[in-house]
Amino acid sequence: MRFDLEALRSHPGQRFHLDGDLSIPDLDWQGEVLHVEGVVHVGAWASWRDGEVELRVAVQGRVHRLCARCLAELVERVDSDHVLDVLPEDTAGRYLELRPFVEAGLRLGLQGKPLCRPGCRGICPECGADLNHEDHRPGCHGGGRSPDPRFAKLRGLLDELP
Ligand SMILES: [Zn+2]
Ligand SMILES: [Zn+2]
């Protein structure tokens, strides 16, 4: 998917529109590679204004993630719509390729800390039990009885992980 920059330049101020599906199986995200299921639905609007391209991109896709609390796999539905910066080097050629902007739109739509379910109970930092499926292991005080302040601190650190 791409816009013809010659057409945009020769009709300043006019809005051009593209609709379609793009296949982006892998998405780089903060040092990880996320799998994108199926195709990404894309709507894009571009116009030439004051010597620059004004670009708006709407994307809908399904991205495989891990729960921020218990590491269970989940599929996050991304639905984002943004005006994106187009740099002069993006418009150096004949065409404006949309793929990098679609990837940027997906990244902007991703949650920082996706959860497998509302209120996921996560993994106990003391005994390692997956609290969605099991109780604390014998001897663990993570259940609330006399919580050790060291573990409260560890829990805080876990919460701060991206
Ligand atoms: Zn979870
Ligand atoms: Zn525990």
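Just follow the structure's listing: the first ligand is 1, and inside any ligand the first atom is 1. Sequential numbering from 1 along the given sequence is applied to the chain's residues.
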Vertex the Zn ion (ligand 2), arms to His136 ND1 and Cys140 SG, rounded to 10°: 110°
Heavy-atom side-chain proximity of Arg15 to Arg56 below 4.5 angstrom: yes
More than 12 heavy atoms from other groups under 6.0 Å of CD on Glu73: no
Passing option when Leu55 is tested against Thr91, Asp85, Leu98, Val83 for side-chain contact (heavy atoms from CB on, under 4.5 Å): Leu98
Leu106 and Leu110: CA distance, side-chain angles, deciding distance, side-chain contact (heavy atoms from CB on, under 4.5 Å) verdict: CA-CA 6 Å; Leu106 282 174; Leu110 288 171; 5.6 Å; no
Those residues that, when tested against His82, pass ring-ring contact (aromatic ring centres under 6.0 Å, His included) (two or more places apart): none
Within one Ile-Leu-Val-Met-Phe-Trp-Tyr cluster: Leu108 and Leu34, side-chain cutoff 4.5 Å: yes
Heteroatom test (N, O or S) for His141 near the Zn ion (ligand 2), limit 2.8 Å: no
Count of N, O or S atoms belonging to protein, less than 2.8 Å from the Zn ion (ligand 1): 4
Between Glu126 and His141, a side-chain donor and acceptor under 3.5 Å: no
